[in-house]
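Notes follow the structure.
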2 protein chains.
Amino acid sequence: MTQGRPMRADARRNYERLLKVAAEAFAEHGENASLDDIAKRAGVGSGTLYRHFPTRQALLEAAYVDRIEALGARADELAEELAPGEALAEWLYELAVGTIQVRGMKALLGSAVTDGGAAALTVCGAVVKGAVARLVVAAQEAGALRGDVEPIEVLRLAHGVASAAELAGAGEKEIRRYLSLLGEGLRGAGG
Amino acid sequence: MTQGRPMRADARRNYERLLKVAAEAFAEHGENASLDDIAKRAGVGSGTLYRHFPTRQALLEAAYVDRIEALGARADELAEELAPGEALAEWLYELAVGTIQVRGMKALLGSAVTDGGAAALTVCGAVVKGAVARLVVAAQEAGALRGDVEPIEVLRLAHGVASAAELAGAGEKEIRRYLSLLGEGLRGAGG
DNA sequence: GCACCAAACGGAGACAGTCCCCGCTTACTG
DNA sequence: CAGTAAGCGGGGACTGTCTCCGTTTGGTGC
């Protein structure tokens with residue numbers, strides 16, 4: 001379902017270069033890095049960029065697919081190493097770190113957890129949703145997570161909390177703190 | 001400290017018009033509404049717009065100041081009517097509703113709760129921070145809120161959660177639900 | 001090797017947005 | 001009613017997006 005004919009050699013070369021340059025550019029300038037500039041830096045015309053990646057979102061996704069898939073794999077790793085509740089917490093932490101520190105991933109993950117729409121069908125969306133679903137269900141079965149929340153809700157809240165941590169200065173300390181506040185809740189005594 | 005000489009009549013007229021048109025435009029097209037278009041719709045040149053409001057942020061702030069101040073007043077109202085915990089919860093709810101439903105206010109409030117920087121000095125930032133501080137302290141004294149959180153943290157988390165609710169579709173139901181999840185925490189049993 | 005052709009390229013150019021600059025207009029003052 | 005500085009406005013430089021189409025090139029059959 002993917003290839004009719006394999007890509008022409010020059011096309012593949014340009015595709016790879018664009019991906020590499022794009023990852024750098026997004027990391028450096030955030031999700032709004034100039035696309036024409038990316039094309040220029042990759043030594044191709046802007047037409048070539050837009051042919052391979054019709055939208056900014058498409059490029060963003062392609063540039064970070066492997067990172068997202070690593071995150072998906074990491075979920076299984078953590079599920080084996082830690083107790084269900086811990087595994088979920090740690091994974092959400094690593095997700096949040098990526099969201100904030102890898103500039104450009106925020107927009108990508110944000111659109112991946114949106115309600116309906118085309119974005120829901122992307123690879124990144126599927127991988128992340130799958131990973132969180134596994135961890136959430138396990139945590140709920142272990143009684144470490146309230147049973148009346150959907151995986152996607154956990155994902156959205158974590159994304160929101162990551163944004164909050166970002167506003168706070170985005171150190172790893174802030175991320176941990178804000179996630180733990182979400183876990184324990186603001187209500188009640190505590191300090 | 002505000003006026004050396006009062007504004008010239010035509011300047012004031014243009015200022016008012018711009019504010020009115022800007023509020024409409026931001027509501028209609030979100031925070032990225034075209035500034036030149038706002039100028040055009042207000043019947044002034046773009047130079048005039050930029051002289052009165054040097055940055056998009058400045059215009060955004062000016063356009064929504066009264067709404068923000070209403071929110072500040074609402075905090076005191078709620079503090080009188082309800083128990084401290086309830087008052088805080090309800091205020092955060094109304095804040096979140098504004099954040100999401102009034103397009104353009106999200107960016108404004110977001111920058112208002114950022115760490116340091118110039119944005120911290122704005123009127124909107126001061127009003128909102130003041131309001132939440134009063135409610136948070138009262139709630140903590142009443143034992144309805146854990147004592148080890150700063151007002152600004154509550155504000156940031158609420159903003160993050162509002163973003164999460166927005167991703168979910170932004171109905172009032174979602175906002176209430178996500179805020180209550182934040183209040184009670186995700187840990188433990190529950191459904 | 002070579003000729004063919006679809007696939008792929010690339011960059012000019014149309015369009016939209018931001019923001020500054022500076023010659024012109026106009027509200028206030030005496 | 002004249003003088004003047006505050007204020008106006010829109011032209012234009014610049015940056016970014018995205019498309020269109022003439023040109024080039026890699027792969028294939030001979």
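To find a chain, count down the sequence lines: A is the first, B the second, and so on, and within it residues start at 1.
Under 4.0 Å is where a charged nitrogen must lie from a carboxylate oxygen, and between Arg41(A) and Asp37(A) at least one such pair does.
Heavy-atom distances to DNA chain C give each of Arg13(B) and Gly47(A) a nearest nucleotide, and the one nearer the 5′ end belongs to Gly47(A). Both Arg56(B) and Asp10(B) lie near DNA chain C, and the one whose nearest nucleotide falls closer to the 5' end is Arg56(B).
Minimum atom distance to the side chain of Ser46(B) is reached by dG10(D), of the listed dG7(D), dG10(D), dC9(C). Residue Ala9(B) places its side chain closer to dA27(C) than to any other of dT17(D), dG17(C), dA27(C). Listed nucleotides dG16(D), dT19(D), dA8(C) differ in distance to Ala11(A); the shortest reach to its side chain belongs to dA8(C).
When rounded to the nearest whole Å, the span between CG of Asn32(B) and C1' of dG16(D) equals 14 Å. Here the P atom of nucleotide dT15(D) and the NE2 atom of His29(A) are 14 Å apart, to the nearest Å. Per the geometry, CD1 belonging to Ile38(A) stands 17 Å off P belonging to dT15(D), to the nearest Å. Rounded to whole Å, the distance from OH on Tyr15(A) to C1' on dG26(D) is 20 Å. As rounded to whole Å, 11 Å separates atom P of dG17(C) from atom CZ of Arg41(B). Spacing between atom CE of Met7(A) and atom P of dG27(D) amounts to 12 Å, rounded to whole angstrom units. With rounding to whole Å, Arg17(A) atom CZ is found 15 Å from dG10(C) atom C1'. Leu49(A) places its CG atom 10 Å from the P atom of dC18(D), with the value rounded to the nearest Å.
Residue Arg8(A) places a side-chain atom within donor-acceptor reach of the base of dA7(C), judged by atom type and a 3.5 Å distance cut-off alone.
For His52(A) and dC9(C), the shortest distance from a side-chain N or O to OP1 or OP2 is below 4.0 Å. Using a 4.0 Å cut-off, some side-chain N or O of Ser34(B) falls inside it from OP1 or OP2 of dT18(C).
Taking 4.5 Å as the limit, every side-chain heavy atom of Phe53(B) sits out of range of all side-chain heavy atoms of Leu35(B). Taking 4.5 Å as the limit, every side-chain heavy atom of Ile68(B) sits out of range of all side-chain heavy atoms of Val123(B).
The residue Thr48(A) sits close to a base: some heavy atom pair falls under 4.0 Å. Asn14(B) comes within contact range of the sugar-phosphate backbone alone, with a heavy-atom separation under 4.0 Å but no base atom that close. Residue contacts shown for Asp36(A) include a base, since a base heavy atom lies under 4.0 Å away. At the heavy-atom level, Arg51(A) lies under 4.0 Å from base atoms of the strands shown.
Of the listed residues (Lys20(A), Arg12(A), Arg13(A)), just one forms a salt bridge (Lys or Arg N to Asp or Glu O under 4.0 Å) with Glu16(A), and that residue is Arg12(A).
Taking a 6.0 Å sphere around CD of Glu80(B), one finds it holds 12 or fewer heavy atoms contributed by other residues, nucleotides or ligands.
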